[in-house]
Number of protein chains: 2
Amino acid sequence: MSLPHAILTSLAEKPGSGAELAQRFDKSIGYFWQATHQQIYRELARLEERGLIRSAAREATRGRKRDYAVLPAGLEELARWTVLAQDPLPVRDALLVRLRAVAVMRAGSAPGDTARAVMRAELARHRGLHEQQLSLYQGVEGDDFTAGSGAQAQNTPDLRLQRAVLRAGIMFEQAWVNWADETLPTLEH
Amino acid sequence: MSLPHAILTSLAEKPGSGAELAQRFDKSIGYFWQATHQQIYRELARLEERGLIRSAAREATRGRKRDYAVLPAGLEELARWTVLAQDPLPVRDALLVRLRAVAVMRAGSAPGDTARAVMRAELARHRGLHEQQLSLYQGVEGDDFTAGSGAQAQNTPDLRLQRAVLRAGIMFEQAWVNWADETLPTLEH
DNA sequence: CCTGCCATGTAAATAGTTACATGATTTG
DNA sequence: CAAATCATGTAACTATTTACATGGCAGG
């Protein structure tokens, strides 16, 4: 159950509205935990009801911007959550399932040969997407974590830890690209 | 929507009952797409209703083993699905969210220091789990994919493709371990 | 004032998790 | 035959996704 805590973290870094949070979930923290705006609005309402965050406006405001900030109770909840032992989520990649499905289709049969050709293209396409993400991360690393970086969020979070998170993204994307390069020849001929 | 197709793939590799499938989802195909036995039984019922698989027994049998096999329509569905373009699922790792939450807690404060100590331990623990998974994959690679491997499933799936899937697991786990080794010093002192 | 966009929200469907129930089979 | 285990299943809940709805605001 990380979504409420991802939101609390993002609001602790900087207060903002639901739409602004949705934007942050399209980059930054959203690289490691995704959420749609529907999830975010629902979760914001829950968090406010639990007294972990507060919004400036009191009544329901449809269409009007509504800013939230973390309350002390929210920071306590975040501290409580971070120290819980949590096991890693296993890998879940549909492309690997597909590859395994293709493995049971006989090469030489029409569907098997078609599937192999398509998978080769898909693998190349995914390689491109992962390489793009890798470049993006490397760009962020260069911009945000060079010595004496400029504008910081109000709470001046620990840059070394934020960078470590980014490094995880870099290393995973790099691993994916490497795997694709190793695997593509298997689908040739 | 990969679960029905993961099940079809597994049944294409070898027919079996719900419980046997659940076991396979605890290893093998389940390394890349997880499912509980409840999901599996529900999905098997749906797949049979759609005419993609068949079970030996006709009526509902609570407690008695119930074997399923893929029908031609199921193989067609699998072929149809594998050639659909599908974007990769983004990374989703709660530990990275936690690390980012810790980054907003001031070092020097009591909760911040406690959280850093706990995260150091958690990172070491996760490193151990990923290393364990890595060893497991490397063991499978040695057992199943050495030249002239022995017993094969009836459909003799393409071993090179199955191995490619396994290699993905190996490279991801290795990347995780490498990242942990790089990151642990950041949480020292 | 109308059009497009921004921001917030509702509703419904699907997927996944957790807790529990029950019949069959094996084993001491 | 009693207990443990295996196998199938139900129910309730939570999370996530997809589609849609509606109010406010800014610019032409």
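In what follows, every chain begins at residue 1, and chains take the letters A, B, ... in the order their sequences are listed. Worth saying up front: this structure is predicted, and the values here are computed from it rather than measured.
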Undergrad: Scan residues 21-33 of chain A against DNA chain C and write down, sorted by residue number, each residue with any heavy atom closer than 4.0 Å; if none is found, say none.
TA: none
Undergrad: With DNA chain D as reference, determine whether B:Lys65 or A:Ala35 sits nearer its 5' end, using the nearest nucleotide of each.
TA: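 Looking at the nearest nucleotide for each, B:Lys65 comes out on the 5' side.
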Undergrad: For the residue pair A:His126 and A:His130, categorise the inter-ring angle as parallel (less than 30°), tilted (30 to 60°) or perpendicular (more than 60°).
TA: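 Answer is tilted, since the angle falls between 30° and 60°.
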Undergrad: Could you list the protein-to-nucleotides 19-21 of chain C atom pairs, N/O on both sides, closer than 3.5 Å?
TA:
residue, atom, partner, partner atom, Å
C:dA19, N6, B:Gln38, NE2, 2.7
C:dA21, N3, B:Arg62, NH2, 2.9

Undergrad: Identify, with sequence neighbours excluded, every residue that meets side chain to side chain donor-acceptor pair (under 3.5 Å) alongside B:Gln38.
TA: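 Per chain and number, B:Gln38 pairs via side chain to side chain donor-acceptor pair (under 3.5 Å) with B:Thr36.
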Undergrad: Just jot down the side-chain contact (heavy atoms from CB on, under 4.5 Å) partners of A:Val97, sequence neighbours excluded, or say none.
TA: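 So A:Val97 forms a side-chain contact (heavy atoms from CB on, under 4.5 Å) with B:Ala6, B:Trp33, B:Trp81.
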Undergrad: Using the test side chain to side chain donor-acceptor pair (under 3.5 Å), find all partners of A:Ser10 that sit at least two apart in sequence or belong to another chain.
TA: A:Arg24
Undergrad: Tell me which of B:Arg92 and B:Ser17 sits closer to the 5' end of DNA chain D, going by the nucleotide each one is nearest to.
TA: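 The residue whose closest nucleotide sits nearer the 5' end is B:Ser17.
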Undergrad: Rounded to whole angstroms, how far apart are CG on A:Leu47 and P on D:dA15?
TA: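 Atom CG in A:Leu47 sits about 12 Å away from atom P in D:dA15.
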Undergrad: With sequence neighbours excluded, tell me which residues meet side chain to side chain donor-acceptor pair (under 3.5 Å) with B:Glu131.
TA: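 B:Arg127.
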Undergrad: In this structure, how many angstroms lie between the P atom of D:dG24 and the CZ atom of A:Arg66, rounded?
TA: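 To the nearest whole Å, that distance equals 14 Å.
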Undergrad: What integer distance in Å separates A:Tyr41:OH from C:dA7:P?
TA: 7 Å
Undergrad: Roughly, in whole Å, what's the span from CZ in B:Arg42 to C1' in C:dT14?
TA: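 Going from CZ in B:Arg42 over to C1' in C:dT14 covers 9 Å.
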Undergrad: Check B:Arg54, B:Arg42, B:Arg66 against B:Glu48 for a salt bridge (charged side-chain N to carboxylate O under 4.0 Å, His left out) and give me the one that passes.
TA: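 Running salt bridge (charged side-chain N to carboxylate O under 4.0 Å, His left out) over B:Arg54, B:Arg42, B:Arg66 with B:Glu48 returns exactly one hit, B:Arg66.
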Undergrad: Please report the distance, rounded to the nearest Å, between CZ in A:Arg46 and P in C:dT8.
TA: 18 Å
Undergrad: Check every atom of D:dA7, C:dT17, C:dA7 against the side chain of A:Ala19 and return the nucleotide holding the closest atom.
TA: C:dA7
Undergrad: Applying side chain to side chain donor-acceptor pair (under 3.5 Å), can you list everything that pairs with B:Asn178, at least two apart in sequence or on another chain?
TA: B:Gln174
Undergrad: Specify the separation, in whole Å, of atom CG of A:Leu3 and atom P of D:dA15.
TA: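 So the two atoms are 8 Å apart, to the nearest Å.
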Undergrad: Mind checking side-chain contact (heavy atoms from CB on, under 4.5 Å) for B:Glu182 and listing every partner two or more places apart, or none if nothing turns up?
TA: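 Residues passing side-chain contact (heavy atoms from CB on, under 4.5 Å) with B:Glu182: A:Arg167, A:Met171.
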Undergrad: Rounded to the nearest Å, what distance is computed from the CD atom of residue A:Gln39 to the P atom of nucleotide C:dA11?
TA: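 Rounded to the whole Å, the gap is 18 Å.
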Undergrad: Figure out the CZ/P separation between B:Arg64 and D:dG9, and round it to whole Å.
TA: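 Value for this atom pair: 11 Å.
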Undergrad: Identify, with sequence neighbours excluded, every residue that meets salt bridge (charged side-chain N to carboxylate O under 4.0 Å, His left out) alongside B:Glu77.
TA: B:Arg80
